[in-house]
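Worksheet for the structure shown next.
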Amino acid sequence: MGERVLAICEGEAGAIDHRALAAAALAQRCGAESADVLVVGAAPAPPGRWSHALRLDPVEGAALTEPLAALVACGYSLITLGDTPLLREVAGRLAARLNLPLVASVQGLRRREGQIVASRPAVGGARTANFAITGQPALLVVHPDAADASPTASPPAPAFETLEGGTSIPAFRLLEETRLSPMEMDVTEADVVVAGGRGVGGREGFELLGELAQLLGGSVGASRVAVDAGWVPYARQVGLTGKSVSPRLYVACGISGAIHHTLGMRDSSFIVAINTDARAPIFKIANVSIVGDVREVLPALIANLKSRSSPAERVAALAGATQ
Amino acid sequence: MNIVVLLRVVADPGLAAGVSGSTVRLDDPSLVAIGQALVLRKLLPGVRLQGIAAGPSDWDPALKEALALTLDSVRRIWSGSLATGDIVATAHALATSLPPDPSLIVAGSAATDHGSATLPAALAEILGWPLLAEVASFETRDEGLAALVRGGGGSRRIYTVPERAVLVAARARAPSIYPKVRALLAARKSAIPETQPATTRLEPTGRISLLDYGPPRPSTRHLLKPSAAANPADRIRMLMSGGMAARRGETLDSSSNTGASLAKQLADILLKEGFVR
């Protein structure tokens with residue numbers, strides 16, 4: 001398109017939010033002359049060939065609007081934003097403040113007769129609505145499934161330039177913050193899921209899984225076999241007849257990997273599988289395969305992780321485990 | 001105290017055989033917003049709940065259902081220039097059509113704006129109000145009204161809610177709230193007033209225009225697509241694994257490692273990949 005685009009992504013704890021990766025991928029593939037990336041939070045630049053990499057500290061959406069409004073005025077024709085709650089707020093506020101065209105849930109982008117055409121689902125997903133965008137710059141909130149965001153070989157991102165943040169005047173005072181324990185946290189909202197199947201052996205085995213999930217800051221999932229056996233409630237079932245999850249890390253313990261289960265967890269970014277059967281199908285989709293008994297590997301792994309954590313973290317983990 | 005609830009109506013052909021004879025209904029995020037507004041009415045006595053929607057007259061049967069769910073009033077704004085779904089234009093139209101002296105605006109996760117979930121933020125910016133997203137529930141504390149916000153990775157935060165704010169409900173299943181038959185019959189007899197937005201900032205045609213509708217985008221997430229280059233046995237394996245491309249990585253075998261050694265190697269990998277801090 002011979003234009004400049006800006007991708008705005010959000011990340012924390014050293015990784016880009018997976019919902020924002022498609023915004024970066026779409027910015028890379030829209031045919032613009034140059035693409036810049038802005039990362040809100042402490043995360044590396046997403047994969048891609050970026051001309052400039054910018055960073056902004058995360059604050060509430062209203063405070064982000066000020067510095068972003070100045071950035072948007074720097075000659076970009078398109079600005080893609082990740083589909084996260086913070087970036088959706090930023091998109092809405094920017095569009096209203098600068099009177100910019102905004103299309104959300106964008107699933108595709110192309111050029112038709114000199115116009116940028118963005119498509120998004122309509123009529124409850126039964127149709128695709130195609131919009132011609134004439135105003136520039138245009139804001140596009142990109143649906144997480146819009147573009148294949150799988151990592152590709154890309155040159156190292158340029159050094160980050162840090163932008164001055166806006167004045168943060170929180171309108172909402174934080175009174176209390178808690179983190180749910182692994183057995184309280186829903187599997188669909190967890191970044192890490194430690195799931196068990198028949199090989200876990202029983203309820204006691206799931207207590208071990210809970211301990212590992214606590215150490216990794218995740219939730220406990222299960223295959224249908226474990227749920228049918230009454231070891232864990234149905235709400236924890238992952239698979240075709242349970243919930244679909246897409247965590248950053250999925251640890252499959254004693255799960256064979258039948259298609260009914262893998263359909264619910266195949267979008268996991270990194271899969272670790274532990275199973276005694278070296279021919280278990282789960283190993284074909286795992287990044288790390290451990291041929292061994294869950295009841296031997298897990299206690300050793302938990303002890304190892306505990307020995308690595310700081311005393312303060314150990315106290316916090318123990319406190320969480322006893323709640 | 002006036003609380004405004006943003007409402008959105010969706011077509012549901014499955015309703016055609018129903019008693020109402022209508023094929024539209026309130027979408028689930030709107031029902032979640034109504035559920036939260038009803039909670040607020042219980043927590044804050046004297047609250048008046050007012051629903052507002054930006055849509056055509058076809059929406060009226062569903063909006064009457066909102067009335068039957070005990071909202072004090074429901075209004076609809078409409079202008080032909082809103083048909084493209086321009087979010088900024090819709091936000092301006094809503095901002096100028098709000099009831100007098102609104103305190104809180106409650107929206108569903110995708111209310112009123114074709115599922116984009118960006119309209120409440122645009123509305124907040126126009127009004128100069130703060131916005132709190134992912135609100136799961138409310139409670140009253142010594143500090144006043146507080147909102148429980150659902151964060152990523154199982155975090156839960158409780159914030160005070162100021163006098164004026166836009167509150168966006170977290171995604172959730174529609175609550176089990178049903179109108180009483182008497183309220184439903186009364187609502188069906190009432191009319192949903194339509195007003196023209198009192199704003200001149202409704203010129204979306206210069207920026208966004210709806211070209212056409214196409215077939216739905218195929219959801220590749222649900223397609224099983226084995227590699228054409230693979231041999232038949234591998235293709236069957238790919239199909240059996242749910243269409244996932246094989247990403248066989250490192251294998252650690254207990255035959256040559258003790259449990260502690262396996263655990264150490266795995267812990268090292270988790271540390272290297274950034275899963276252990």
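Note on naming: letters A, B, ... go to the chains in the order of the sequence lines (proteins, then strands), and numbering restarts at 1 for each one. We use all heavy atoms of the structure for the numbers below, so side chains are in, but hydrogens, waters and symmetry mates are not.
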*asked:* Is there a side-chain contact (heavy atoms from CB on, under 4.5 Å) between B:V88 and A:L100? Walk through the geometry before answering.
replied: CA-CA 8 Å; B:V88 178; A:L100 299 178; over 6 Å; no

Checking heavy atoms, do the side chain of [X], its backbone, both or neither come under 4.5 Å from chain B?
{"X": "A:V90", "value": "neither"}
{"X": "A:L240", "value": "neither"}
{"X": "A:V106", "value": "neither"}

Given heavy-atom pairs under 4.5 angstrom as the criterion, report whether the side chain, backbone, both or neither of [X] touches chain A.
{"X": "B:L148", "answer": "neither"}
{"X": "B:A146", "answer": "side chain"}
{"X": "B:D268", "answer": "both"}
{"X": "B:L131", "answer": "both"}

Closest approach of [X] and [Y], non-hydrogen atoms and distance?
{"X": "A:A300", "Y": "B:A260", "result": "CB-CA, 3.9 Å"}
{"X": "B:A121", "Y": "A:E89", "result": "CB-O, 3.3 Å"}
{"X": "B:A263", "Y": "A:L301", "result": "CB-N, 3.3 Å"}
{"X": "A:V291", "Y": "B:L262", "result": "O-CD1, 4.4 Å"}
{"X": "B:E134", "Y": "A:P85", "result": "OE2-CG, 3.7 Å"}
{"X": "B:A267", "Y": "A:L305", "result": "CB-CD2, 4.0 Å"}

With respect to chain B, which residue among [options] yields the maximal number of heavy-atom pairs within a distance under 4.5 Å?
{"options": "A:A91, A:A95, A:A273", "answer": "A:A95"}
{"options": "A:V251, A:I282, A:L249, A:T65", "answer": "A:L249"}
{"options": "A:H260, A:Q115, A:M185", "answer": "A:M185"}

*Nearest-0.5 Å distance that lies between atom CZ in A:R127 and atom CG in B:D212*: 11.5 Å

*Mind checking the CD1-CD spacing from A:I290 to B:Q265? Nearest 0.5 Å is all I need.*
8.0 Å

*Please work out which of the three classes, parallel, tilted or perpendicular, describes the rings of B:Y159 and A:F172, given edges at 30° and 60°.*
perpendicular

_Assess the residue pair A:V288 and B:L266 against the criterion (side-chain contact (heavy atoms from CB on, under 4.5 Å)); give the C-alpha distance rounded to whole Å, side-chain angles, the decisive distance to 0.1 Å, and a yes or no._
CA-CA 8 Å; A:V288 177; B:L266 178 55; 4.2 Å; yes

Could you pull out all donor-acceptor pairs under 3.5 Å where a side-chain atom in residues 162-169 of chain B meets a protein atom, sequence neighbours excluded?
from   : atom 1 : to     : atom 2 : distance (Å)
B:R164 : NH1    : B:P102 : O      : 2.8
B:R164 : NH2    : B:D101 : OD1    : 2.9

_Test: A:E176 and B:R141 ion pair at under 4.0 Å_ = yes

_Carboxylate-amine/guanidinium proximity below 4.0 Å for A:E177 and B:R150_ = no

*A:V272 side chain near B:F275 side chain, heavy-atom distance below 4.5 Å*: no

*Mark yes or no for whether B:T118, through its side chain, and A:R88, through its backbone, hold a donor-acceptor pair below 3.5 Å.*
no

*Step by step, work out the side-chain contact (heavy atoms from CB on, under 4.5 Å) result for A:L174 and B:I158.*
CA-CA 6 Å; A:L174 180 64; B:I158 296 176; 5.9 Å; no

